[in-house]
Amino acid sequence: MAQTPGDGWVRWNTHHSTQVDVELFGNTLHLLQNPNTNHLGTTVWDSSIVLAKFLEKNAKKGDFARHRLKGKRAIELGSGMGLGGFAFALLGCDITVTDTAEVVSLLQRNYENNLSPAALRGQEVSSMVGHVTVQELDWSNPDHYSAVNPPFDYALAADCVYHEQIVEDFLRTVLAVTHSKSTVIVVNELRSESVHSRFIALFEQHFTIKRTPRSKMDAVHQHSAIDILILKRRKDVASNSNLSAPSSSEAPS
């Protein structure tokens, strides 16, 4: 990643454009954005690019190899424009990509333009792509949890933990949509130490948390401010301990 003195880095994408093209597994995904809204979910954030390129690099061997993911069920929380979930689908995983009501219409268009049967017709990759479902999911609404048909083998989220007030709803949702052997992937850009500390404090009560080494990430699409965290359920705690009732805050995207 190209670095800029003092300001971190030159980002791969910003919210100012209307479309982002990402090359992945030999295909180019054309992802629409909406720069005319203040909603965070209508942008392809750098963390999702880091996740997608990480999956591409590790597609042949390791825990996220294609032969391990093919036919498994996964859910992406706060999908935004869908890049992370689409990467899972390109590895043969059946994926449910989710976000709040304000975002799902554009997320649906990105699915239709890139990975729908119509978009893939005649392409060699079509037989390798997993089934994709687009669905609304508000983390603060427990009624939505059962509607996505859990549990899933994998849950992923990229750049979704950015405010302390949403961390409990995020944790509650992750617990609701996974089972005891699920793998959870959380990719975060460090913007606030207090938010990160809150996330770690709550999640480590229920999960073991391992930071992915930089050597396993794509050589270009990585940065010291973005971590890929792999979470597994702890065996010594109850899944619903120390969780209060859902907050009334709107779920992120």
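Hydrogens, waters and symmetry mates are skipped; everything else that's a heavy atom, side chains included, is used.
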Residues which pass salt bridge (Lys or Arg N to Asp or Glu O under 4.0 Å) with [X], listed by chain and number, not counting sequence neighbours:
X	answer
R211	D227
K53	E23, E56
E136	none

What is the distance from atom [atom1] of [X] to atom [atom2] of [Y], rounded to the nearest 0.5 Å?
X	Y	atom1	atom2	value
L107	L31	CG	CG	9.5 Å
S224	R214	OG	CZ	6.5 Å
W139	D169	CH2	CG	8.5 Å
L69	D94	CG	CG	11.0 Å

[X] side chain to [Y] backbone, donor-acceptor under 3.5 Å:
X	Y	value
R233	T178	yes
N110	L32	yes
S126	R121	no
D153	A74	no
S79	T98	yes
D143	N141	no
E189	S47	no
D99	G80	yes
N58	K216	yes
D138	S140	yes

Hey, are D46 and H221 close enough side-chain-wise for a donor-acceptor pair under 3.5 Å?
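No donor-acceptor contact under 3.5 Å links the two side chains.
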List the steps, then state whether side chain to side chain contact (heavy atoms under 4.5 Å, CB included) holds for H223 with V50.
CA-CA 9 Å; H223 190 270; V50 169; over 6 Å; no
How far apart are the closest heavy atoms of [X] and [Y], and which atoms are they?
X	Y	result
F152	P150	CE1-CA, 3.8 Å
R234	D236	NH2-OD2, 3.1 Å
G84	L55	O-CD1, 4.4 Å
V134	V104	CG1-O, 4.1 Å
E112	A119	O-CB, 3.4 Å
F86	M81	CE1-O, 3.8 Å

With respect to I49, which candidate in V44, D218, I226, L24 satisfies the side chain to side chain contact (heavy atoms under 4.5 Å, CB included) definition?
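When side chain to side chain contact (heavy atoms under 4.5 Å, CB included) is applied between I49 and each of V44, D218, I226, L24, only V44 qualifies.
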Under the side chain to side chain contact (heavy atoms under 4.5 Å, CB included) criterion, do R172 and Y145 qualify, and how do the steps go?
CA-CA 10 Å; R172 187 179 295 101; Y145 302 165; 3.7 Å; yes
Compare all side-chain heavy atoms of [X] with those of [Y] and state whether any distance is below 4.5 angstrom.
X	Y	answer
K72	Y154	yes
I185	I230	yes
F207	V186	no
V195	F199	no
Q123	N27	yes
V97	F88	no
L171	F203	yes
I95	L156	yes

Salt bridge (charged side-chain N to carboxylate O under 4.0 Å, His left out) between R198 and E168: does it pass, once the steps are laid out?
CA-CA 9 Å; R198 178 65 170 163; E168 280 200 14; 3.1 Å; yes
Under the side chain to side chain contact (heavy atoms under 4.5 Å, CB included) criterion, do D21 and H30 qualify, and how do the steps go?
CA-CA 5 Å; D21 297 333; H30 307 287; 2.8 Å; yes
Verify the neighbour count for atom CZ of R109: are there more than 12 heavy atoms of other residues, nucleotides or ligands below 6.0 Å?
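Result for CZ/R109: open.
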Side chain to side chain contact (heavy atoms under 4.5 Å, CB included) for T183 and K232? Distances and angles first, verdict last.
CA-CA 6 Å; T183 298; K232 290 281 194 178; 2.6 Å; yes
Quick one: do D159 and R191 make a salt bridge, cutoff under 4.0 Å?
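Looking at D159 and R191, the cut-off is met.
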Hey, can you tell me if F64 and F54 have their rings parallel, tilted or perpendicular (30° and 60° cut-offs)?
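Perpendicular.
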